[in-house]
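First the proteins, then the strands, lettered A, B, ... as listed; each starts at 1.
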Amino acid sequence: MGIQGLLPFLKKIHKAVNISQFKGCTVAIDAYCWLHRGAFACADKLALGEKTDMYVYYCMKYVDYMLKCGIKPILVFDGCHLPSKKEVEKSRRERRDLNRKKAAEFLREGRRAEARDCLQKCIDITPQMALELMNVCRDRGVDCIVAPYEADAQLAYLNKSGIAQVIITEDSDLLLFGCKQVMFKMDFHGNGILIEQNDINQVLEIQQGFYTFDKFRHLCILSGCDYLASLPGIGLATACKVFKKTRLTDIRILLKKLSSYLKKNVVVSNEYIENFIKAENTFLYQLCYDPIKRQVVPLNDYPPEIVKDELKYAGSYPFI
DNA sequence: GGCACTTGTTACAT
DNA sequence: TCTCAACAAGTGCC
């Protein structure tokens, strides 16, 4: 998930922080991360359909800690699946089904430890489980937002618009969506690591005056992301080299010249280039909910030259 | 040696 | 019928 290896790649700019440093701030949280960890503890009960709300109280432990620190938490949940992710969803479901069948097999043979192992691999967070957490939060006066599409874009919107000063997640994609401050790996003591957008070029080392955030987004997409698989043999380090060499800003032209930058033959089809643009549009214009205006808006304003057709598959064009 | 990619382990809690 | 895994170590390529 996210960008393969992005967090270790940015190690140089990791800052050890404690959430209590953000006293007085509003912090938006990728609720799925906590739900998933909480569900892990009761994977067997969930898989066997036994009643449990352990995952809700796991999440509330974090919420209560933040309230105690004088922080205002906002929990953000995923909404609709992106049309472009249909195939991914299908393969995940198939993998879960397979593990569920294997678990049943192990149980019949009395091999309980192996069965539990498989049950943990087929954890899925249902909308029902998310709803239970939302209900407990709302009873406690804690705000929750369900994103029109992915929570990632919604979290970025809250951060960019100044509603939330910090984002808590485990997904490196949040940096690509344009968050200013993202905290990863937060534990029960509130300890975690902070990555700030302003520090990114300390790692990329693109020549002063030529670095833009667009280049960071481009090199991440090129290295492979959720919306577009990488070209064979290209990861973060190789993608970064390309953007250090060139001053081209037109990504279509840059991609066509990829072979000359890499000094090896890479096939860049027109289809790949079009899919690259669609992937980027998903990072730029995915639909979000503005809780102040009370309406659905794109993460960033549409530029005048945008081609509506390119947005259709990206959950970024309204009224489709 | 640096890099991309594969594989095995851990996560949770009692 | 129901929402996303991440990391370290090891391998093999250029």
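- Here B:dC12 presents its C1' atom at 10 Å from CZ of A:Arg37, a figure rounded to the nearest Å.
- Taking atom OH on A:Tyr62 and atom P on B:dC12, their separation rounds to 7 Å, with Å as the unit.
- In terms of position on DNA chain C, the residue among A:Lys264 and A:His81 whose nearest nucleotide sits closer to the 5' end is A:His81.
- Note: CZ (A:Arg96) to C1' (C:dC4) measures 9 Å, nearest angstrom.
- Between C:dT3 and A:Arg95, no contact under 4.0 Å exists linking OP1 or OP2 to a side-chain N or O.
- Computed from coordinates, the A:Trp34 CH2 to B:dC12 P distance equals 14 Å when rounded to whole Å.
- Between A:Lys45 and B:dA13 there is no side-chain N or O to OP1 or OP2 distance below 4.0 Å.
- Salt-bridge formation is detected for the pair A:Lys72/A:Asp143: a Lys NZ or Arg NE/NH1/NH2 atom is positioned less than 4.0 Å from an Asp or Glu carboxylate oxygen.
- Rounded to whole Å, the distance from NE2 on A:His36 to P on B:dA13 is 14 Å.
- Note that the CG atom of A:Leu255 and the CG atom of A:Leu222 stand 6.5 Å from one another [nearest 0.5 Å].
- Using a 4.0 Å heavy-atom distance criterion, A:Asp226 is classed as making no nucleic acid contact.
- Counting to the nearest Å, the P atom of C:dA6 and the CZ atom of A:Phe40 are 13 Å from each other.
- Put simply, the side chain of A:Asp44 and the base of B:dC12 share no donor and acceptor less than 3.5 Å apart.
- C:dA5 sits 9 Å from B:dA11 when the C1' atoms are compared, rounded to a whole Å.
- Within the nucleic acid shown, A:Asp173 has no heavy atom closer than 4.0 Å to any nucleic acid atom.
- Nucleotides C:dA6 and B:dC12, compared at atom C1', are 15 Å apart to the nearest Å.
- Between A:Tyr62 and A:Tyr65, the distance separating the two ring centers is not shorter than 6.0 angstrom.
- Side-chain contact, A:Asn300 with A:Lys160: a donor N or O sits under 3.5 Å from an acceptor N or O.
- In this structure, OH of A:Tyr55 is placed 17 Å from P of C:dC2, rounded to the nearest angstrom.
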Give the table of side-chain donor-acceptor pairs shorter than 3.5 Å for residues 39-53 of chain A, with sequence neighbours excluded, one pair per line with atom names and distance.
residue: A:Asp44; atom: OD2; partner: A:Arg116; partner atom: NH1; Å: 2.7
residue: A:Thr52; atom: OG1; partner: A:Met54; partner atom: N; Å: 3.2

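- Using a 4.0 Å heavy-atom distance criterion, A:Glu170 is classed as a sugar-phosphate-only contact.
- With hydrophobic clusters built from ILVMFWY side chains whose heavy atoms lie under 4.5 angstrom apart, A:Leu175 does not share a cluster with A:Met183.
- Contact check on A:Arg92 versus A:Glu89 returns a salt bridge, with a Lys/Arg side-chain nitrogen under 4.0 Å from an Asp/Glu carboxylate oxygen.
- Put simply, the residue from A:Lys101, A:Arg108, A:Lys102 that forms a side chain to side chain donor-acceptor pair (under 3.5 Å) with A:Glu105 is A:Arg108.
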Please write out the pairs of protein N or O atoms and N or O atoms of nucleotides 1-6 of chain B separated by less than 3.5 Å, giving the distance to one decimal.
residue: B:dC3; atom: O3'; partner: A:Thr238; partner atom: OG1; Å: 3.3
residue: B:dA4; atom: OP1; partner: A:Gly235; partner atom: N; Å: 2.7
residue: B:dA4; atom: OP1; partner: A:Gly235; partner atom: O; Å: 3.2
residue: B:dA4; atom: OP1; partner: A:Leu236; partner atom: N; Å: 3.4
residue: B:dA4; atom: OP1; partner: A:Ala237; partner atom: N; Å: 3.4
residue: B:dA4; atom: OP1; partner: A:Thr238; partner atom: N; Å: 3.1
residue: B:dA4; atom: OP1; partner: A:Thr238; partner atom: OG1; Å: 2.9
residue: B:dC5; atom: OP1; partner: A:Gly233; partner atom: N; Å: 2.7

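- Shown for residues 114-140 of chain A: residues whose heavy atoms fall under 4.0 angstrom of DNA chain B, namely A:Arg116.
- For A:Arg92, whose side chain is taken as the heavy atoms from C-beta onward, the closest listed nucleotide among C:dC7, B:dC12, C:dA5 is C:dA5.
- The ring of A:Tyr32 lies on top of the base of C:dC4, close enough and flat enough: under 5.5 Å between centres, under 30° between planes.
- Taking atom CD1 of A:Ile3 as the reference point, atom P of C:dA5 lies 15 Å away to the nearest angstrom.
- For the residue pair A:Thr169 and A:Asp171, no side-chain donor N or O sits within less than 3.5 Å of a side-chain acceptor on the partner.
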Notebook entry, point to check: Would A:Asp64 and A:Arg140 satisfy salt bridge (Lys or Arg N to Asp or Glu O under 4.0 Å), going step by step from the backbone distance to the final call?
Noted result: CA-CA 10 Å; A:Asp64 288 334; A:Arg140 209 84 63 92; 2.6 Å; yes
